[in-house]
Amino acid sequence: MTTRVRFAPSPTGALHIGGGHTALFNWLWARRTGGKFILRIEDTDMERSTPEYEDTIMSGMKWLGLEWDEGPDAGGSHGPYRQSERLELYRENAEKLVSDGSAYREGDAVIFKVRPDVDLSFDDMVYGRIETASDALQDRDSGALKDIVLIKSDGMPTYNYAVVVDDHFMEITHVIRGEDHISNTPKQLLLYKAFGWKTPYFAHLPMILGKDKKKLSKRHGATSVYEFRDMGYMPDAVFNFLALLGWSAGEDREIFGREEAARLFELSKVTRKPSVFDPDKLNYINQEHLKRLDPMVRLAHIKPFWEEMGLPADKHDDAYLAEALTLMGGRGQTAKELAGFSDYYVSFGPVKERWNSDGISGELRAGMKEFYAALTDAPEWSSDALEAQARAWTEEKGVKMKDYAMTLRFALTGMKVSPGVFEVAALLGRDEVKNRLAFFGLG
RNA sequence: GGUCCCAUCGUCUAGGGGUCUAGGACACAGCCCUUUCAAGGCUGCGACGCGGGUUCGAACCCCGCUGGGACCGCCA
């Protein structure tokens with residue numbers, strides 16, 4: 001039997017980190033088992049659901065690399081994939097329960113009658129055996145058994161009912177969802193029993209918490225996957241980070257790609273403890289992915305951020321820019337940060353803005369002019385040659401390389417930190433170096 | 001209030017009775033490298049919530065406590 005899993009968001013907001021996490025684990029399990037990953041839109045809340053949010057969620061999933069096999073746009077043999085298009089199915093089946101006496105009507109609503117002493121225990125693939133019974137389905141205030149609304153007065157199905165009908169008819173084999181649904185499961189089990197349907201396997205995932213150990217929300221800062229994209233995090237890194245929340249690949253494996261994760265993933269190895277979202281770790285993972293990118297791919301990730309800063313990245317050829325990024329090495333934890341650290345390769349503008357020559361005495365300035373003149377006239381324009389030249393000159397004069405290198409760095413980059421200054425100079429080219437030095441009166 | 005779930009370094013985790021003086025990663029501190037900052041290398045700091053059992057032996061099993069969390073909507 002092929003595995004069939006689903007991610008069933010309701011289009012009432014952007015794809016959040018928590019939703020992404022759930023979608024990701026479903027995706028992993030589908031890929032791991034060679035099964036199907038289904039996207040189902042739970043848009044029965046007419047008030048809050050919008051097509052725009054549906055689009056946002058779908059593109060958020062695509063950004064994360066979580067492609068689905070069946071869904072509203074992808075089609076499939078078990079559609080339609082929007083609950084709003086399955087209304088007839090819910091009504092028909094609710095009718096069955098009314099006919100056999102397990103549900104009753106109350107106005108336009110259909111309500112399931114909950115009887116006591118029904119064992120609703122189940123085996124969760126993550127949490128293990130969970131013992132409970134229908135007696136626990138009580139009303140918060142009265143403590144009396146509380147019946148389950150199937151169809152609301154407006155004709156729409158409720159979540160707990162629609163989920164059961166859909167998972168059954170879509171032939172979902174594994175229901176993988178957040179731990180907050182663990183206490184909804186008994187209710188759903190009751191409906192499966194009433195219909196006489198086979199129950200799927202359940203696997204609940206630990207929640208993701210903020211630093212204060214409260215459920216992650218907007219007040220913890222960025223929570224939608226798009227915010228992470230805009231801050232310069234890469235999809236592979238966010239994927240990697242999310243996969244590590246509640247699961248470990250074993251053998252101390254922490255940096256990996258989608259395919260590797262899909263190969264290694266095991267539901268049985270998912271943790272039960274809720275995990276705290278740690279931005280530091282995300283930064284680290286993003287940096288690791290950033291470092292590993294091929295130069296041209298890396299460039300593709302950085303370019304948009306340069307452009308966002310108003311830098312004319314298109315004025316240069318890609319080979320030059322890619323080389324510049326290679327020079328940057330492991331600097332920068334996000335694409336945005338790296339773009340900021342490397343702006344001087346793209347344009348002289350930012351350098352001028354940062355320049356401040358107050359700290360350079362006239363005396364030193366004179367020496368530096370001589371130093372830079374010797375440098376820019378170097379017969380060979382390469383990093384090694386420039387460095388050799390600089391060393392020879394500073395040794396001969398008995399001065400510290402550091403003073404000269406630092407000023408050169410600042411004149412070329414407008415920063416006090418950068419890759420090896422002779423490498424930077426070599427890449428910028430003789431003309432550009434002369435130009436920058438001249439502008440600051442050092443040439 | 002009721003039901004259910006959870007509990008190893010600050011954080012993510014490994015660990016499923018002895019090999020644990022508890023391993024890795026992030027973060028933090030220091031050192032090395034060095035024209036700067038990263039990167040990299042090395043070192044350090046740092047945890048089994050508490051109390052009872054079970055056992056020759058518990059981080060691992062059981063019970064209680066404490067502390068978190070989720071749910072108890074004609075929201076999903």
Side-chain angles (χ1 to χ4, degrees), chain A residues 8-13 42-45 47-49 83 106-111 120 124 126-128 130-133 135-143 146-163 177-187 204 206-207 209 211 213-215 241 244-255 269 271-285 287-288 291 328-333 337-338 341 387 390-391 394 400-410 413 415-422:
Chain A
S10 95
T12 54
E42 310 219 326
D43 56 351
T44 55
D45 184 339
E47 306 280 289
R48 301 191 299 146
S49 302
Q83 290 190 327
E106 196 173 283
D108 292 328
V110 179
I111 300 173
L120 298 175
D124 189 279
V126 171
Y127 285 85
I130 291 175
E131 303 274 359
T132 185
D135 305 64
L137 269 26
Q138 304 171 346
D139 180 82
R140 187 186 167 129
D141 301 315
S142 69
K146 185 160 196 199
D147 291 345
I148 303 169
V149 175
L150 267 25
I151 303 284
K152 299 183 265 185
S153 303
D154 65 0
M156 298 303 265
T158 56
Y159 164 76
N160 281 120
Y161 171 62
V163 156
R177 68 210 333 183
E179 185 243 59
D180 48 338
H181 286 295
I182 203 158
S183 41
N184 280 148
T185 309
K187 281 180 216 162
H204 289 89
M207 304 268 84
L209 278 23
K211 197 88 189 159
K213 307 244 182 181
K214 301 285 186 203
K215 190 172 173 177
F241 172 74
L244 250 18
L245 252 31
W247 177 67
S248 69
E251 292 173 7
D252 299 327
R253 199 100 187 71
E254 292 216 295
I255 304 299
K269 293 195 72 179
T271 315
R272 285 169 287 278
K273 195 185 73 169
S275 44
V276 174
F277 182 99
D278 181 8
D280 284 334
K281 185 95 177 194
L282 207 212
N283 285 337
Y284 163 75
I285 290 175
Q287 183 171 32
E288 288 301 311
K291 281 196 298 198
M328 293 302 291
R331 276 162 273 249
Q333 295 196 299
E337 197 174 40
L338 213 200
F341 288 169
E387 182 168 350
R391 285 197 189 287
T394 51
K400 279 187 287 183
M401 160 81 101
K402 185 174 179 174
D403 295 333
Y404 293 83
M406 280 305 277
T407 311
L408 177 60
R409 164 171 294 112
F410 206 72
T413 69
M415 300 198 180
K416 38 189 198 315
V417 303
S418 82
V421 69
F422 300 110

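Each chain gets a letter, A, B and so on, in the order its sequence line appears, and its residues count up from 1. Computed from a prediction, not measured in an experiment: that's the story for all the values here.
For RNA chain B, the span of nucleotides reached by chain A at under 4.0 Å from its heavy atoms goes, 5' to 3', from B:G1 to B:A76.
With both ends at atom C1', the span from B:A58 to B:G18 equals 9 Å, rounded to whole Å. Taking atom C1' in both B:U19 and B:C28, one finds a spacing of 31 Å when rounded to whole Å. Taking atom P in both B:U55 and B:C65, one finds a spacing of 23 Å when rounded to whole Å. Comparing B:C60 with B:C74, their C1' atoms sit 47 Å apart, to the nearest whole Å. To the nearest whole angstrom, the two P atoms, one in B:U8 and one in B:C50, are 12 Å apart. Nucleotides B:G15 and B:U34 place their C1' atoms 41 Å apart, quoted to the nearest Å. Using atom P as the reference point in both B:A38 and B:A29, the two lie 11 Å apart (nearest Å). Between B:A14 and B:A7, the two P atoms lie 11 Å apart (nearest whole Å).
Put simply, the side chain of A:F277 reaches to within 4.5 Å of the side chain of A:L282, judged on heavy atoms. Annotation: side chain of A:D45 is not in contact with side chain of A:Y159 (no heavy-atom distance under 4.5 Å).
Backbone-only contact: A:E179 has heavy atoms under 4.0 Å from sugar-phosphate atoms and none from a base. Using a 4.0 Å heavy-atom cutoff across all strands shown, A:E131 reaches sugar-phosphate atoms only and no base atom. Looking at heavy-atom distances under 4.0 Å, A:V421 makes contact with a base. Residue A:T44 is classed as a sugar-phosphate contact, given heavy-atom separations below 4.0 Å to backbone atoms only. Contact annotation for A:L209: no contact, since no heavy-atom pair falls under 4.0 Å across all strands. Among the heavy atoms of the strands lying under 4.0 Å from A:K416 is at least one base atom, whether or not backbone atoms are also near. A:A136 comes within 4.0 angstrom of the backbone, heavy atoms only, and of no base. Base contact: A:N184 has a heavy atom under 4.0 Å from a base atom. Using a 4.0 Å heavy-atom distance criterion, A:S153 is classed as a base contact. At a threshold of 4.0 angstrom between heavy atoms, the contacts of A:G107 with the nucleic acid are absent. A:H204 comes within 4.0 angstrom of no nucleic acid atom, judged by non-hydrogen atoms across all strands. At a threshold of 4.0 angstrom between heavy atoms, the contacts of A:K400 with the nucleic acid are absent. Within 4.0 Å (heavy atoms only), A:F422 reaches at least one base atom of the nucleic acid.
The local environment of CD in A:E131 is crowded, with over 12 non-hydrogen atoms from other residues, nucleotides or ligands closer than 6.0 Å.
The partner of B:A70, taking Watson-Crick or G-U wobble pairs whose two distances both stay under 3.5 Å, is B:U3. Taking a pair to require two hydrogen-bonding distances under 3.5 Å in either a Watson-Crick or a G-U wobble arrangement, B:U19 remains unpaired. Remark: B:G44 base-pairs with B:C28. Criterion, Watson-Crick or G-U wobble with two distances under 3.5 Å. Across every strand in view, B:G49 sits in a pair with B:C65 that passes the Watson-Crick or G-U test at under 3.5 angstrom.
Annotation: A:F241 is not in aromatic contact with A:Y284 [ring centroid separation under 6.0 Å not met].
With sequence neighbours excluded, the residues forming a salt bridge (charged side-chain N to carboxylate O under 4.0 Å, His left out) with A:K215 are A:D180, listed by chain and number.
Using modelled atom types, one side-chain atom of A:T413 and one backbone atom of A:M415 make a donor-acceptor pair closer than 3.5 Å. Without hydrogens or angle criteria, A:S275 side chain to A:L245 main chain gives no donor-acceptor distance under 3.5 Å. A:D108 places no side-chain N or O within donor-acceptor distance of the main-chain N or O of A:D154, the cut-off being under 3.5 Å.
Checking A:M401 against A:D278, the closest nucleotide of RNA chain B that is more toward the 5' end is the one next to A:D278.
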